[in-house]
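Heads up: the structure comes next, in structure tokens.
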Amino acid sequence: MMEDDTSDFKKRYDAISQLLQESSGSKEVVLIEGGEHADLSSTQAFIVAKEKKIPPAKWANDFVTKYSQKITDVAAATVKASGPYLNFYFDDSYLANVLKEATKPGYGSLAKKPIRVVLEHTSANPNGPLHVGHIRNSIIGDTLARAFRKAGYRLEIQYYVNDMGRQIAIVVWGFDNLDSARHEGEKEDAHIARVYIAANREIEKDTGITRQVDKLMQLVEEGDPVTVKKFRKEVSRCLDGFAVTLQGLSVAHDRFVWESDFIRNGDTKRIIGRIKKLPQAKEDGTLALDLTECGFEKEYVIRRSDGTSVYGARDLAYHAWKGANFDRIIDVLGADHKLIGAQLQCTLKLLGEKAPDIVHFEFVSLPEGSMSTRAGKFVSADDLIAEVTRCAYDEVTVRRPELDETARKAIAKSVALAAIRYDIVKVSPEKSTVFDWNEALNFERQSGPYIQYAHARACSILEKAGDFTKCYELETEQEIAVAKQVARFPIVIGRVIAELRPHLLATYARELADAFNSFYHFEPVLRSAGTVRDRRLTLVQAVQNTLQESLETLGIDAISTM
RNA sequence: GGGCGAGUGGCUUAGCCCGGACAUAGCGUCAGCCUCCUAAGCUGAAUGCCGGGGGUUCAAAUCCCCCCUCGCCCGCCA
């Protein structure tokens, strides 16, 4: 297992960084990834030039003559000046060490940490099936969760069930008042959506229904047994439907936390009591908070004038509970929750509670406009999975006609999952997207199946090779380029965690596959002999293992044939 | 009106937080590559005032200011 703070790369980085600081006498040290130029690069010369009025290229040259030996001694690297740029090149032991680590199971795992993290994602209202917008939340959240576990954290994944919202009250009203029998073979969440859409149409025609819905909400907050039971029943049925969808996406939760529990157990009442005592509290029929110090113009309402709590109050109770049981809280939320999320963070800080880190993602819309469960305007995740799986099956059938149907179906299922998850996770969360069937059904480059294919190719080579002696001394440019990509994996895992940006891993996996494919076409493995064959097979094994670990962290099956 | 996010070749997209050496890749277009380890692949070509304008800097896609366009939010809904 790789220790993140003692890795070979980090050691060399730190040593070089130290020498740069020493030589420049500057507080600021610039040491960056060298990319195509070198293993590490520095533009320290420009800083020195500014501070000491020494021409940058001259300083860089002087550094090389004065520090070459020291660099070799402490970091096993050579340094060259390229004009004002300093380029550092690690010696052969670097990539040899990388290959040794990368061929071990679990490569990229970071040191175990005693930190307990709770990560909440998806948490969609149970009033209709998950659609392509919801699953952006699920996939970002699940990928992040997998990365946290890979990075050695203790993690619990939660789904916060909004079981007392207006939407659910509307659903319950629909079941009480409309023709609402389930159709033959209809999935439970789809059934609920149908009733929800119908109920909303009735509300549009007759606004008097709104009062009946309000009454239901009041009853549920009071804990009226019959009403509570009705709410629970429909919410549970919807969650059963979600479970099928989420399983199809390889997305798992450890715990479902019900919003109404925070009313029942008194937590909401207690947190309202604490909020009342805050200097920012304003009680005037309603209970509200003045959050101008956090930059919010409008008051944040906690309790209605009729004495009932709003969603925000329950959410505060939920987060206080999370804070009491975990060291760190992470929430994955849509961009529409930015304001409410910031208000939540601010209020928790005022209360002296842990505030969550919130990962926001922008909206997914359809070519014809934004999605709406109420209007029945959405592409459900179930339809997406079904359609992508169908296309994947056709594709497998064309490519591998010799396989039996069961095998082709199994591959199609994994390929479809890869296509969907990758298509969503590859885009940075702050980009709003328009759902595109062509993109979703594309299994070529920059897709999940492309990376799976590179992995399957590596598996195939290893299978045909049989036993071989490990050899860690690489030589050709292609081999070295691939190994350098392999080396980045633990660093990428670390960055995904630090920046809460899972798409970095998606980009990385694609780049590793690119490098490997290029190597594959230029350097024969099985047709080479002796140590050349051994070292290339060792490299293929490192790539196979790294791709497998990357894919699994992305929640994609690392299949060995396709 | 205010707040947040986005704007990168025809389309999609990385890089932006933390400024540096020819701006990442895919789709599409054009030209090639399967008697050879899986062609869901590889190679090459064309296509970019990195939304516009100022500024800071030796150096700006990246930092600062202004403007434009698009999305989201601004409820005693959740």
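In what follows, every chain begins at residue 1, and chains take the letters A, B, ... in the order their sequences are listed.
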Tell me which nucleotide among B:rA25, B:rC37, B:rA78 gets nearest to the side chain of A:Asn125. B:rA78
Considering only atom C1', compute the distance from B:rG9 to B:rA14 and round it to an integer number of Å. 15 Å
Should the pair A:Arg457 and A:Tyr520 be classed as cation-pi, given the thresholds of under 6.0 Å to the six-membered ring centre and 45° from the axis? yes
Any A:Lys298 side-chain nitrogen or oxygen under 4.0 Å from OP1 or OP2 of B:rG75: yes
Using the side-chain heavy atoms of A:Ser82, tell me which of these nucleotides is nearest: B:rC42, B:rA78, B:rA21. B:rA21
Closer than 4.0 Å, any side-chain N/O of A:Lys53 to the OP1 or OP2 of B:rC58? no
From the set B:rA78, B:rU43, B:rG15, return the single nucleotide nearest to any side-chain atom of A:Gln167. B:rA78
A:Arg510 side-chain N/O to B:rA25 phosphate OP1/OP2 under 4.0 Å: no
So, is A:Arg533 near the phosphate of B:rC37, with a side-chain N or O under 4.0 Å from OP1 or OP2? no
For B:rG71, which nucleotide in any strand shown is its Watson-Crick or wobble partner with both distances under 3.5 Å? B:rC4
In the strands shown, is B:rA45 matched to any nucleotide by a Watson-Crick or G-U wobble pair with both distances under 3.5 Å, and which? B:rU29
With a 4.0 Å limit, can you tell me whether A:Arg501 has a side-chain N or O closer than that to the phosphate oxygens OP1/OP2 of B:rC17? no
Below 4.0 angstrom from OP1 or OP2 of B:rG26, is there any side-chain N or O of A:Lys426? no
Go ahead and name the base partner of B:rU38; Watson-Crick or wobble counts if both distances stay under 3.5 Å, otherwise write none. none
